[in-house]
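For reference, the structure discussed in these notes is given below.
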Amino acid sequence: MLDDLKQLEGGWPERVILMQQNWIGKSEGAKVRFAVAGAAGAGPIEIFTTRIDTIYGATAIILAPAHPLVTKLLEGSPTRAETEPKLAKMRQTSVKTEDLATMEKEGFFTGRYAINPFNDEKIPIWVGNFVLMEYGTGAIMAVPAHDQRDLEFCQKYKLPVRVVVQPLEGELAPDAMDTAFDEHMQGKLVNSGPFNGLSPIEAIPKMAAFAEQKGFGKAETIYRLRDWGISRQRYWGTPIPVIYCPKDGMVPVSDKDLPVLLPPNPRLTGEGESPLAGTPEFVNTTCPKCGGPARRETDTMDTFVDSSWYFYRYCDPRNDKVPYDSAKVAYWFPIDQYIGGITHAILHLLYSRFWCKVMRDLGLVKHDEPIARLFTQGMVQKGGVAMSKSRGNVVGAEEMAQKYGADTGRLYTLFAAPPEKDLEWSEESIEGSWRFLNRVYRLIERHANAVLAVKDGKVDAAAASLKERTLLRKVHQTLRRVTSDFETRWHFNSAIALIMELTNDIYAQEPLEQGVRPEVRKEVLELLTLMLAPMTPHLAEELWEMMGHTEGLWKARWPSFNQKLAREDEVEIPVQVNGRVRGKVKVPPGSTEPEVVRVALLLPAVAQHINGKRVVRQIYVPDKMLNLVVA
RNA sequence: GCCCGGGUGGCGGAAUGGCAGACGCUGAGGACUUAAAAUCCUCCGGGGAUUUUUCCUCAUGUGGGUUCGACUCCCACCCCGGGCACCA
């Protein structure tokens, strides 16, 4: 899963890839076994370290309170009487993950010693609250000179500090350290027997190999990622198709009896075991093997199981034989574009990737990754609280639909922020979207009859009046830019801004009855409606019908813009002198540099700023910009 | 501590090295109305000059750099948000 993240680069947001990388948490290091001195039956203790090169500097072994060896070590220990209560307290204190980082380091000496296999040194075995049973082996070697946490712990409990890596410049004083020296890229090993003089980078593989050769350790890679326990004590979930028989043990439900369905009338008490356990007609069954009485598994699967592969079914939703036809999935997959909240960055999207690997290994799918491109859209917030499935609607959708209609809500969410950004809901701003849609409605309502009367929709552009040309140009320019905002950039907010601008421009040309033929009005208003349709489908459908269409707009294709009509008669080019705008000239598009310069020099403001100085350079970006550099 | 984002008017935001502030919200003034709602029109970053017109100047977190030209690219710093976190 880690390696295949590379396949997602470019298609997935970088931060999601990084979050998954961190979550998987690959860590390369070594495991080393320390024998326990004198205690029969206890040990050895296996520790995990990424810095085996510092092992000569280990001055203690520290175990997690939950480590299984702790109890054994304490048995018959001289200090048992005082340490056992401490252990009990440590095990009892439930530590919140958030507090871990700031929590005071606590520990106690077990009274036992371990033998460092590298130098046969006897070092004390401690128990420390900062060592986690869930990570690595639940036991560490404390190297105070080269690990900040170990340094703090050892200084607190007066354990010795021994420097085993000296920096290339300066020398560390073990008794006066307040910051551990943990740079592994630089330094030379000291006090490390045969490994003296090596750099940590050289020493790490050598010392791991040495440990393996001597049989007390080896290089190993561990992961932070934990097992996924998929069972839940819930009703809503997929039943786990397993039967427990007193004679045959755990037996899978036979294929012909799949799927196992949830009982329709569960007793939901909110107490005790899974709701299914309280439903005898579900629980009691017969063993598929021996036919004798047996019980069903009553836990259900985590809903993440379903969300990890539901999308395959979309390729073949009516298949009643198998979940999907492989050929269909092979055709459609991987998913070209997946859209979801950033909240799914690790759980759902990691499980889905995992599930895909399992299916691939079972031969059920052919691809390595289920989702080629991922877009994480922002969340709607109100007062900093995100609107989501788990938190609920912070904005009343019903209420809003009642007041403004669903289309206004859609338009507003798209308009107020770019799609990848979180959006702070504003009751005031939504009014603007509502007003805009009303403006569009009134406009089309006003011209509906004229448009309806148009028989032949063909627009004769050559015969267009000035007013008509202005309108046609604007609408095709808008269409060109909206198309690009939709297709290549997903900038719905700026696309809407363009459509608003177009609407404003059409209003500015009112009354259209004067000088704008009905077929031109039809063209302009239909394109306006088509552009709005993806965002306000209900309204657009109604407007479409008002303009005489009997077939639904949803069947219409996205229009293509007319290059010729979109072209400007003249372009306004800012004229800069030394990079500052001093005037503007209007020229036909495609004018040559000398032509533009000639007109530009006629501008009084430009002439004034040149003021006798020599133009040493001129930069002309066709139809965009002219910059005259004077010295 | 490590790793990512992001800082533009009163607010949401626009500007893919080429006129900073499009579009919208808020606010102010006006038209229509007996009145209100709705609608329509005008203005709306700071400072300065100016009689209207208009012009100059500063301004995209701060300071440098690259460039004819920087919100945009590069370097350093500050602040905010997010992810992971005694991970050995």
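By convention in this document, chain letters (A, B, ...) are assigned in the order of the sequence lines, proteins followed by strands, and residues within each chain are numbered from 1.
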Side-chain touch A/W490/A/I339, heavy atoms, less than 4.5 angstrom: yes

Among B/C56, B/C3, B/A14, the nucleotide that comes nearest once only the side chain of A/H609 is considered: B/C56

Those residues of residues 488-499 of chain A lying under 4.0 Å from RNA chain B by at least one heavy atom: A/R489, A/H491, A/N493, A/A497

Phosphate-side-chain proximity, A/R481 and B/A15, N/O vs OP1/OP2 below 4.0 Å: no

Sugar-phosphate only, base, or nothing, as touched by A/V629 at under 4.0 Å among non-hydrogen atoms: sugar-phosphate

Contact under 4.0 Å: A/S27 side-chain N or O vs B/A88 OP1/OP2: yes

Nucleotide B/C87, atom P - distance to CD1 of A/I62 in whole Å: 13 Å

Touch class at under 4.0 angstrom, heavy-atom based, for A/R582 against every strand present: sugar-phosphate

Opposite nucleotide pairing with B/G1, Watson-Crick or G-U, both atom distances under 3.5 Å: B/C84

Sugar-phosphate, base or nothing in reach of A/T49, heavy atoms under 4.0 Å: sugar-phosphate

Sugar-phosphate only, base, or nothing, as touched by A/I619 at under 4.0 Å among non-hydrogen atoms: base

C1'-based separation of B/G9 from B/A14 [nearest Å]: 13 Å

Given RNA chain B, 5'-ward residue of the pair A/Y135 and A/M625, judged by closest heavy atom: A/M625

Sugar-phosphate only, base, or nothing, as touched by A/Q576 at under 4.0 Å among non-hydrogen atoms: base

Nearest heavy-atom neighbours spanning A/E595 and A/V599: O-CG2, 3.0 Å

Selection from B/A88, B/U57, B/C68 that lies nearest to any side-chain heavy atom of A/R580: B/U57

Charged tip of A/K105 within 45° of A/F130 ring normal and under 6.0 Å: yes

Given B/U26, B/C58, B/C19, the nucleotide with the shortest approach to the side chain of A/E428: B/U26

Syn-anti status, with the boundary at 90° from 0, for the nucleotide B/G9: syn

C1' gap between B/G45 and B/G27, integer Å: 15 Å

N-O pairing of A/E568 and A/K586 below 4.0 Å: no

A/K403/A/E427 ion pair, N-O < 4.0 Å: no

Distance in angstrom units between A/E501 CD and B/A14 P, rounded: 15 Å

Phosphate-side-chain proximity, A/R15 and B/G5, N/O vs OP1/OP2 below 4.0 Å: no

Distance, C1' atom - from B/G18 to B/A28, rounded to whole angstrom: 35 Å

Distance flag, aromatic centroids of A/W425 and A/Y412, threshold under 6.0 Å: yes

B/C43 to B/U33 separation - P atoms, rounded to the nearest Å: 24 Å

Whole-Å C1' distance, B/C44 and B/C11: 13 Å

Smallest separation among heavy atoms of A/I346 and A/L350, with atom names: O-CB, 2.6 Å

Between C1' of B/A88 and CZ of A/R33, the distance in whole Å: 18 Å

Between B/U62 and B/G83 - C1' atom distance, rounded Å: 27 Å

Phosphate contact (B/U26 OP1 or OP2) by A/R435 side-chain N/O below 4.0 Å: yes

Along RNA chain B (nearest heavy atom to each residue), the more 5'-positioned of A/K624 and A/Y412: A/Y412

Touch class at under 4.0 angstrom, heavy-atom based, for A/V616 against every strand present: nothing

The single option from A/F108, A/Y157, A/Y113 passing ring pair (Phe, Tyr, Trp, His ring centres under 6.0 Å) against A/W126: A/Y157

Given B/C86, B/G18, B/C4, the nucleotide with the shortest approach to the side chain of A/F130: B/C86

Check: A/R224/A/N22 side-chain N/O donor and acceptor closer than 3.5 Å: no

Sugar-phosphate, base or nothing in reach of A/R149, heavy atoms under 4.0 Å: base

Rounded P spacing from B/G48 to B/A37 in Å: 36 Å

Sugar-phosphate, base or nothing in reach of A/E572, heavy atoms under 4.0 Å: base

Sugar-phosphate, base or nothing in reach of A/N504, heavy atoms under 4.0 Å: sugar-phosphate

Whole-angstrom distance between B/C32 and B/A36, as gauged at atom C1': 12 Å

Partner of A/Q618 under side chain to side chain contact (heavy atoms under 4.5 Å, CB included), chosen from A/V629, A/N627, A/V630, A/V597: A/V597

Sugar-phosphate, base or nothing in reach of A/K421, heavy atoms under 4.0 Å: sugar-phosphate

Sugar-phosphate only, base, or nothing, as touched by A/H146 at under 4.0 Å among non-hydrogen atoms: nothing

Any N/O donor-acceptor pair, A/N627 side-chain to B/C68 base, under 3.5 Å: yes

Between C1' of B/G13 and CE of A/M500, the distance in whole Å: 12 Å

Rounded interatomic separation in angstrom, taking CE from A/M379 and P from B/G82: 14 Å

Rounded distance (Å) that lies between atom C1' of B/G13 and atom CG of A/L414: 14 Å

